[in-house]
K.L.:
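Let me begin by handing over the structure; questions about it come next.
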Amino acid sequence: MRPSSASSSLPPATPRPRERSDFETLSSLFPYLWEFRWRVLVAITCLVAAKVAVVGVPVVLKQIVDLLVPAGGQAAVLLAVPLGLLAAYGLLRLASTFFTELREFVFARVTQRAVRNVALKVFRHLHGLSLRFHLDRQTGGLTRDIERGTRGIASLVSYTLYSILPTLVEITLVIGYLVLHYDVWFAGIAGVALVLYIIYTIAVTEWRTEFRRSMNELDSKANVRAIDSLLNYETVKYFGNEEFEARRYDESMQRWERAAVRSQTSLSVLNVGQAAIISVAVTLMVWRATTGVVEGRMSIGDLVLVNAFMIQLYMPLNFLGVLYREIKQSLADMERLFSLLDANREVDDSPHAQPLKLTGAPEIRFDKVAFAYEPNRQILHELSFVVPAGTTTAVVGSSGAGKSTIGRLLFRFYDVTGGAITIDGQDLRSVTQSSLRRSIGIVPQDTVLFNDSLRYNVAYGEPDAAEADIDAAADSAQLTAFIASLPQGWNTPVGERGLKLSGGEKQRVAIARMLLKNPPVLLLDEATSALDSRNEAAIQDALRAVAAHRTTLVIAHRLSTIVDADQIIVLEAGRIVERGRHDDLLALGGRYAGMWAMQARDESQTDASMQTDASDPGTMTATAGVAT
């Protein structure tokens, strides 16, 4: 049962994410906000109401000022009118604050939920991408892109709803009032100034955006270099390369510094130009209003109104450039975040994928499987073999023969470029990846643990497992005595990637969580390579017992661990050169027999060397001195 999709093409290399336009970035964000459309509409209504109240304040103030010039004999009447206007003035100011706070109250959930949903979607998408993507990426830069991108969403929404839109609404209301009540010069000066201000701000900010994008790139590279160095702390110490790492980090920071200086100096150019446009416009409008008062065309209240409008209008407009720059920076940050969602899933479930259906230990079949990581690097060549249900098959061969690739293809970290892999007749490409991986348990040669407790790492095999099952898995993996010896017991932190544990201890944790998962298929990649002889014998017995009723594929480096395998497959350069049981392959006298003889010779030489060291007091003293 093979999918109809062609499997002869080579897997594509992870493409570099294309640059997204601002419109594409905003379009990607919009659905997350529109999910709360009623809150958005209520918030915009509150925004308009707040700005109507703000614009109404200078209008009422004008009426108060004009009415405070009393006509003869009407002081009592005039006293009542300003009091009413004063009350209206106070209510309008209160209303502007009330609606502003109501807008923020209504919209707060929209912003935070959008940030949460985008971050969760990116996180899930990253886990859904192929192994190739993560091997090509560097974790430090990836996490920095996510952090800046989610922060950019909150900033963009905040600046847009709380600053940009209110300012634009206020500008519209003010210019509309000037057109209706005063000569065209007032609206003309305000309109021309706004157009010049916006054009200048956009032009200079677009010029500056490249500096910000360059800063982001260099910041991510410096962060990647720092995290990579810290993750390899022991290697740095082994070679005494602290100063070398510091120089490499400083080189990245120097390039970032130059980009930051260019960004800051260009900011000064923008600020000076904006201030010049605003100052000229305000001066012209106040001059025009003053002339109108002198000529009797305008009242003192009109002068106060125009001046108040200019203060209300240009004070937020003075920050419009800053806000626009921040929005552009947020868009640049969000661009990298959403570009992660654009990353193609090289390995994805087909539209008609079904869960893997197993009734017991399944049969695994490799049928003329071919695979290449790169076009010029063919790894497997029409590989065909069967792992019968409930049996153990071992794969051996020299380094680079393709052993680990078989395990990756079985987990479907990559898709085959030719042939097919089936489990109980079901092509791996026709079943869901989640059901496939639930059915396979692995003990890798290089065990990487989470920076959490021992219990968390063991229970990771089955997060909902009962305490008794966790304890039983630990006991089968020879972990019980080790855990009992620790002051914090199960709660002992294992450190970054499990570096607080020895290789053998990490491997036993990996075995325990595999046992806890209790899958029908086992993949053992030299599962006991880091154990001492006593623990290895005990673990091997436990693994044999576990594998008795399961289909097991063993990737072996030490041949002594697979002598009981039902079938041994010998790989050489991605091709099967021998297959059979241990005794049969030894009798054949071929590649496997040569590997067996070589390992036996190496082990005997090691044993002889250890016996010599034990009988030589000088060697023992020297060894002790080294240990000390």
Side-chain angles (χ1 to χ4, degrees), residues 46-101 163-198 274-321:
C46 292
L47 182 155
V48 173
K51 284 306 167 184
V52 168
V54 168
V55 172
V57 169
V59 175
V60 173
L61 184 61
K62 163 190 156 40
Q63 300 296 328
I64 293 174
V65 171
D66 286 342
L67 288 173
L68 284 177
V69 181
Q74 296 182 352
V77 176
L78 292 174
L79 183 60
V81 175
L83 287 177
L85 290 174
L86 285 172
Y89 178 86
L91 288 174
L92 284 173
R93 294 189 66 89
L94 177 62
S96 67
T97 301
F98 172 79
F99 284 115
T100 297
E101 294 301 322
S163 299
I164 298 296
L165 283 180
T167 301
L168 294 178
V169 170
E170 189 170 353
I171 288 172
T172 302
L173 293 174
V174 167
I175 291 181
Y177 188 91
L178 293 176
V179 168
L180 292 174
H181 294 86
Y182 301 105
D183 66 61
V184 72
W185 283 101
F186 288 96
I189 293 171
V192 169
L194 287 171
V195 171
L196 289 175
Y197 186 94
I198 292 172
Q274 289 172 336
I277 294 172
I278 290 175
S279 298
V280 171
V282 171
T283 302
L284 287 175
M285 293 192 73
V286 172
W287 169 77
R288 188 71 186 169
T290 303
T291 302
V293 173
V294 172
E295 294 176 354
R297 293 181 289 104
M298 298 177 66
S299 66
I300 297 296
D302 291 321
L303 176 60
V304 171
L305 174 65
V306 170
N307 184 63
F309 271 166
M310 292 308 97
I311 293 174
Q312 284 189 185
L313 188 61
Y314 284 112
M315 282 301 291
L317 190 61
N318 189 46
F319 294 101
L320 189 61

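For the single chain, residues carry numbers from 1 onward in sequence order.
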K.L.:
Roughly how far, to the nearest 0.5 Å, is CZ of F98 from CG of L91?
P.N.:
12.5 Å

K.L.:
Rounded to the nearest 0.5 Å, what's the gap from NE2 on H181 to NZ on K62? Could you check?
P.N.:
8.5 Å

K.L.:
Please give me the minimum heavy-atom distance between L165 and L47, naming the atom from each residue.
P.N.:
CB-CD1, 3.8 Å

K.L.:
So does R93 have more than 12 non-hydrogen atoms from other groups sitting under 6.0 Å from CZ?
P.N.:
no

K.L.:
So Y182 and F186, would you call those rings parallel, tilted or perpendicular, with 30° and 60° as cut-offs?
P.N.:
tilted

K.L.:
Can you tell me how far apart CG (L305) and CG (L178) are? Round to the nearest 0.5 Å.
P.N.:
7.5 Å

K.L.:
Give me the one residue out of V169, V174, I175 that meets side chain to side chain contact (heavy atoms under 4.5 Å, CB included) with I171.
P.N.:
I175

K.L.:
Which pair of non-hydrogen atoms, one from S96 and one from V54, has the smallest distance, and what is that distance?
P.N.:
CB-CG2, 3.5 Å

K.L.:
If every non-hydrogen atom of T100 is compared with every non-hydrogen atom of A50, which pair is closest and at what distance?
P.N.:
OG1-CB, 3.6 Å

K.L.:
Would you give the length of the straight line joining atom CG of L194 to atom OG1 of T172, rounded to the nearest 0.5 angstrom?
P.N.:
9.5 Å

K.L.:
Closest approach of I189 and M285, non-hydrogen atoms and distance?
P.N.:
CG2-CG, 3.4 Å

K.L.:
For A187 and V179, which heavy atoms make the closest approach, and how far apart are they?
P.N.:
CB-CG2, 3.4 Å

K.L.:
From D183 CG over to R288 CZ, what is the distance, rounded to the nearest 0.5 angstrom?
P.N.:
5.0 Å

